[in-house]
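Read the structure below first, then the notes.
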Amino acid sequence: MVHYKTKKLILCSILLLFCSVFSYSQDSTTTKKVYEHFRDTRIINLQSIESLSHGILELKISHRFGALSGGANELWGLDQATMRMAFEYGLTSRIMLGIGRSTNNKMFDGFIKANLLEQYENGTPISLSLFSSINVNGVPFDDSRTNFFSSRLSYVSQVILASKISDDLTIQLSPTVIHKNLVELEEDKNLSYALGIAGKYNLTKVLSLNAEYIYRLQNGVNTPSFEDNYNSLSVGLGIHTKGHFFELHLTNSTPMYESGYILETSDSWLDGKIHFGFNIVRDFKLTKPKK
Amino acid sequence: MKSHKTSIIFSLLFVVFLIATSSIDYINDDKSTYVADKLVEMGAKKPLHYISKPDSLEIKKGYELVTKGWTTHNGSKSKFISKHFVCTDCHNIVQEDPDLANPNATDRLSYAMDHKIPYLQGSTLYGIVNREHWYNGDYDKKYGDLVVPARDTLVNAIQLCAKVCSQGRYLEDWEATAMLHYLNSIGLTLADIDVSSQDLKGKDNAKNAAFLTSKYAKISPATFVDPIPRKERKMGKKGNPDNGKAIYELSCLHCHGREKSVARTKLDQTKITLKYLSKNLKNDSEYSMYQITRKGTYPHVGSKPYMPHYPLDRLSNEQLEDLVSYIKKGK
């Protein structure tokens, strides 16, 4: 088991390594900007480097079903469905906002994502965005104790680094920090770290293969919450039509909000606890940018 | 005696010099004269859209309306004419035909390639005030009776374009005025039709007016054709892929480019995209280049932006085969 401090060092090193791209001098007059690292603002669960264009409103509906191992009686998990509905909006060409609500833990989430660096052909090799979200647990409190509203809150921050390696292949790293105001057990830490690794490969103009893995860094000694949960792994097929984007996938995570799918994935692929799920996205143009 | 002769010679030379330079200045000013102004000077009837001295502030507003879809009026930003399109998505604002009297697709493409200007479905707005008819030819096949008031009046043509073609709204009076000021400022000049005052000397006004108007087309031809039948499609064989690449870059990517916000369907020059386009060549779906270029798409509820089609005069069948040959050749 790699020591916690070593893991933090690795995480910071990765951040510093990618920050070195700021030393590239960007001549945008002679190099072309790289577009469409991913087909959507999310890969499967993980936020992608993509932001919505200014004036675009996106409706996102996500479903995760029960485990496939439930068999025919449970229609391979379709009888148990969780849902997240979200609206996302491109405030500018580089900043987007989003709000969502999940049936898991009746969780509300709101986020902002800002694109700071863009990849260019023969220029800056990566794109970089910053992401920050607040998750608000909506489950009624247990009245047998003193409760505070702040106990409902958890915060997630990510640095999203992506590079389009070729016309068809993109990879992304997402170093993540999560803070939960209230944790389940006394031994649990409020602050957690994770590293998301994701990729997309275009099979055709319409179809893409997407995958993501979120590795949780152990924060100090083993805690029950850490041991009882697993790293999230999801593999999916993206279908890009003219007006919609569909993402069909298999995953071991049922929560669809950041603090949930990163820290609260209670199922394991190795135990056969694989869930089918899909995301449907439809965008609407509310306005054009007035440049 | 000798000094007297010398001074006379120098005086004569000085006079000749004055006449020569004043003539040169006259010729230069004449070349920049608007054709419309010259015709009015010769006694031609002023068109309804004619503005003799376009105002610079109105020109600026009109330019912004044409290129951005909005401008600043009375200190505040105006609303978009259309949130889907601006004029320059379909129309150039520079000369696009080398021979203004004989516009044709072949020469226009060469001109576009040489001057790196978009190769578009709509005719250029440069010199549009010099035309006598708009929405002519086969446009009634697409717009029916809507073209009737637009055929002979430029302002009505602009309004039809703003409301229907652009899926926007009608222009307010001040917007229409500003646009006319701008369009008049990019009217044809004597230099554009290569005519000088020397060419007009010794003829009466009627003959001069006929001479001037013979130098440019009064309408932009619009011939709508059906997609090439499947059996007659050459599938790019014997097509010129260099021409095809130019059409793809100057025309298709003008709206479908990834950096553009015009079209929902994004295209680029990757293998995967060109393979996707070449897959549908044999069928009659809207993903077939043979189909989409001749038929375009139509706006419908929930999706107002659409693709205008190419009349034969804006994309010839030979050029279509050039485009197909480029797509099939791949990256």
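Proteins come first, then strands; the chains are lettered A, B, ... in the order of their sequence lines, and each starts at number 1. Quantities reported herein were computed from a predicted structural model and do not represent experimental measurements.
More than 12 heavy atoms of other residues, nucleotides or ligands sit less than 6.0 Å from atom CE of B/Met235. Remark: B/Lys245 NZ is loosely packed, at most 12 non-hydrogen atoms of other residues, nucleotides or ligands lying under 6.0 Å away. The neighbour count for B/Lys234 NZ, taken as heavy atoms of other residues, nucleotides or ligands under 6.0 Å away, does not exceed 12. Within 6.0 Å of NZ on B/Lys266 lie more than 12 heavy atoms contributed by other residues, nucleotides or ligands. For OH of B/Tyr63, the number of neighbouring non-hydrogen atoms (other residues, nucleotides, ligands) closer than 6.0 Å is 12 at most.
Counting heavy atoms from C-beta on, the side chains of B/Ile272 and A/Asp168 come closer than 4.5 Å. No side-chain heavy atom of A/Glu36 sits under 4.5 Å from any side-chain heavy atom of B/Thr270. When side chains are defined from C-beta on, A/Thr287 counts as touching B/Phe80, because their heavy atoms get closer than 4.5 Å.
Proximity to chain B (any heavy atom under 4.5 Å) is shown, for A/Asn202, by both the backbone and the side chain. With a threshold of 4.5 angstrom between heavy atoms, A/Ser53 does not approach chain B through any atom at all. Heavy atoms closer than 4.5 Å to chain A are found nowhere in B/Glu64, neither backbone nor side chain. No part of B/Thr67 comes within reach of chain A, as not one of its non-hydrogen atoms sits under 4.5 angstrom from that chain. Using a 4.5 Å cut-off between heavy atoms, A/Lys33 does not touch chain B at all. Neither the backbone nor the side chain of A/Ile56 comes within less than 4.5 Å of any heavy atom of chain B.
Taking NZ of A/Lys32 as the start and CZ of B/Arg258 as the end, the distance is 11.0 Å to the nearest 0.5 Å. To the nearest 0.5 angstrom, B/Ser261 atom OG is 11.0 Å from A/His54 atom NE2. Between the NZ atom in A/Lys205 and the OG1 atom in B/Thr265 there is a gap of 7.5 Å [rounded to 0.5 Å]. For the atom pair OG1 (A/Thr204) and NZ (B/Lys275), the distance works out to 8.5 Å, reported to the nearest 0.5 Å.
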